[in-house]
Amino acid sequence: MLKQKKLLNAPSLGFGALVSPGKEVAPGPEVVERDPRRCLNCGAYVNLYCDVLIASGQWQCIICKKLNGSEGEFVVSSKQDLLHWPELASTTVDYVQVGNRRPGFVPVSDSRVSSPIFILIDECLDEAHLQHLQGSLHAFVDSLPPTAKIGIIAYGRTVSVYDFSEGAAVSADVLPGNKSPTHEALKGLIYGTGVYLSPIHASLPVAHTIFSSLRPYQLNVPEVSRDRCLGAAVEVALGIIQGPSVELSRGIIKRSGGNCRILVCAGGPCTFGPGSVPHSVKHPNYAYLEKTAMKSMESLGHEAQRHSTVIDIFCAGQCPVRVPVLQPLAKCSGGVLLLHDDFGEAFGVNLQRASTRAAGSHGLFEIRCSDNMLVTQVIGPGEEASPDSHETFKHDSSFCIQIHSVEETQSFSVSMETKGDIKSDFVFFQFAVRYSNMYQAEITRVITMRLQTVDGLSAYLASVQEDVASVIIGKRTVLRARTASDAIDMRLSIDERVKDIAFKFGNQAPKSKLYRFPKELASLPECLFHLKRGPLLGSIIGHEDERSVLRNLFLNASFDLSLRMLAPRCIMHREGGTFEELPAYDLVMQSNAAVVLDHGTDIFIWLVCYS
């Protein structure tokens, strides 16, 4: 990295890193089954770059330079012997604590078997959509393991909680949808005679009967104007999942295993009860009511996250679902929101994947770097952690992010600046993520990096990973594109960014005022061109709901998926079964080839047709 502050901090290129804390890597990281050693002054973890005094066993922190003791553990006869400790030999280490000290924890071989799944079903569907949904739901419950617990709730103007205790007969308790469920109503469900969560092996026939009994919407009302109390339905599901713990004081949570899941099958917006918006966006007070609804859904998402419940929202059909209102509910709980054309095959597959998605919970992402570096922005699936939510040290300068759900498909974009010109030969960065995995083991993954500092601009540019730089710039830009008008402004800013990179890092052409773009970053302008023209900022996708969902996916996505969403991969399949990768702009049709364009979330296939 560059020693000069002025160029390193240039906003057009910037300096940053992409971190995927939950990603599976091959070969896997070193595993240590004990507590990590940490600096008592700043909280940094011992690592391979620490200077160890082998006579006393003391080690010097790379972040604050303070000496720490090891109770004689690191007393060895030679430096080579220190390599027997994984944390002193590898850049990435996983510390694993198999025991669980959480009150109420009951160890099982696979905690997923005790984690309930609530299915929330929109009752306001037309017949064609309902038939597709019924097929997907039948296949979904057939795919679940026998020990999985499920609950089924339907919502419209009311919340219908289906009872599995009635055998072949379909029975449901009905609660009003215009307000949050009362304490007495939840108490009646929890302590009553009904069974609202039941293992598949005991309730599969009943679940099939419930799905088959669903009926299409009967009134002659447009889809967007139908009353849907989605917020109230989620509140009821959360109350049942918490069980008797709703009787306890706030903050005391009774937990028995890993993440619970609420899977929402929605065909339209929430227009009734908590978190609702008016049927029409032309309502004179729509902007204020939408903002109020977003805050309500955000609060509900946080409540779900506190109780280790992830809410995934699967929307389908042509009715606008008002993504800005529903997105906070999914995001704040650690879930996702996806749009589908219909409730058919793709919808059903995503429903099944959601129920089996491996995820960690109660995550904390810590970033530490050398004193002369400053973290300026973190983009990803989390939010800044409050000081009282994690352990702090006397001089802890770490930047901490609370992660709602730790998954392999996520990444964080970390932007940094230097406070001044760098004098040292190396700069250190340490990323640590702590979470409970799906088996309730406590995991601490520590990644430590050391970068050499240089004076030469060419050496610095040669070290820049162009694809990574493209994704980081893309995420910074897309984060600011909150509306359609913002997206237009961001498209213009990309042109200015490319010009500024050429001016600051390129060479001036002879006898010209123009600057050549640096050859070390030759692929960067093409990636930014795709960003400008593609679905993230462009207008090739029809509705703003679709663009909003794609942007949220992109901001949280792993490097591989982010790169495909940013710059599509074009592959030609020729006769004989061979594949050839082409530049994404080379889409000339040939009679003996098929062209496949992988855009991350979608795949497009061109085939030659003969009339």
Side-chain angles (χ1 to χ4, degrees), residues 16-25 29 36 43 45 92-97 100 102 111 115 253 255 257-262 298-312 327-337 354 357-369 375 377-392 396 398-415 429-447 472 475 479 552-559 561-562:
L18 279 179
V19 185
S20 297
K23 183 176 176 61
E24 292 295 329
V25 291
Y45 296 79
T92 304
V93 181
D94 280 358
Y95 295 92
V96 181
Q97 295 175 335
N100 191 297
R102 260 191 245 159
S111 66
S115 301
I253 302 173
R255 291 291 300 114
N259 275 346
C260 305
R261 289 202 175 272
I262 295 177
E298 181 179 342
S299 175
L300 187 54
H302 282 302
E303 178 70 13
Q305 191 272 332
R306 281 193 292 270
H307 293 273
S308 300
T309 300
V310 174
I311 302 172
D312 291 323
Q327 190 75 60
L329 176 61
K331 180 180 179 180
C332 294
S333 70
V336 296
L337 187 153
R357 194 168 73 233
S361 60
H362 304 88
L364 184 71
F365 180 39
E366 302 171 295
I367 306 168
R368 292 180 173 86
C369 42
V375 176
Q377 184 182 55
V378 178
I379 302 171
E383 55 192 29
E384 189 169 358
S386 59
D388 58 352
S389 66
H390 56 94
E391 184 181 5
T392 56
D396 190 353
S398 63
F399 194 97
C400 294
I401 299 292
Q402 182 181 357
I403 312 176
H404 305 312
S405 179
V406 182
E407 302 181 30
E408 183 178 0
T409 56
Q410 300 169 336
S411 74
F412 287 88
S413 169
V414 183
S415 298
F429 304 91
Q430 191 170 79
F431 308 98
V433 60
R434 289 184 281 159
Y435 65 96
S436 300
N437 70 4
M438 61 186 178
Y439 301 106
Q440 292 300 284
E442 299 291 336
I443 309 294
T444 301
R445 171 170 288 187
V446 180
I447 305 168
I472 293 176
K475 294 198 177 197
L479 180 66
N552 277 283
L553 288 175
F554 176 72
L555 292 175
N556 297 334
S558 65
F559 167 67
L561 177 55
S562 297

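All heavy atoms count here, side chains included; hydrogens, waters and symmetry mates do not. Just so you know, these numbers come straight off a predicted model, no measurement behind them.
Here the shortest heavy-atom pairing between G334 and S405 reads O-CB, 3.4 Å. Smallest separation of non-hydrogen atoms from I472 and G16: CD1-C, 3.7 Å. Across all their heavy atoms, S411 and P381 have their closest contact at O-CD, 3.5 Å. When every heavy atom of F431 is checked against every heavy atom of A17, the shortest pair comes out as CZ-CB, 4.4 Å. Residues L364 and C400 come closest through the heavy atom pair CD1-CB, 4.2 Å. Taking every heavy atom of both residues into account, A354 and D312 meet most closely at CB-OD2, 3.6 Å.
Note that OH of Y45 is 8.5 Å distant from OH of Y95, once rounded to the nearest 0.5 Å. The line from CD1 of I403 to NE2 of H362 is 13.0 Å long, rounded to the nearest 0.5 Å. Taking CG from L555 and CD from Q410, the interatomic distance works out to 12.5 Å, rounded to the nearest 0.5 Å. For the atom pair NZ of K475 and CD of Q377, the computed distance is 11.5 Å after rounding to the nearest 0.5 Å. To the nearest 0.5 Å, the span separating NE2 on H302 from NE2 on H404 amounts to 5.5 Å. From N556, atom CG reaches atom OG of S413 across 11.5 Å, with rounding to the nearest 0.5 Å.
When side chains are defined from C-beta on, V414 counts as touching I367, because their heavy atoms get closer than 4.5 Å. Using a 4.5 Å cut-off on side-chain heavy atoms (C-beta onward), E303 and T309 make no contact.
With sequence neighbours excluded, the residues that form a salt bridge (Lys or Arg N to Asp or Glu O under 4.0 Å) with D94 are R445.
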Exercise. When you look at T409 and L561, which way does the side chain to side chain contact (heavy atoms under 4.5 Å, CB included) test go after all the steps?
Worked result: CA-CA 8 Å; T409 56; L561 177 55; 5.9 Å; no

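If you check the side chains of S436 and E442, you find a donor sitting under 3.5 Å from an acceptor.
Side-chain N or O atoms of S333 include none that pairs as donor or acceptor with a backbone N or O of A304 at under 3.5 Å.
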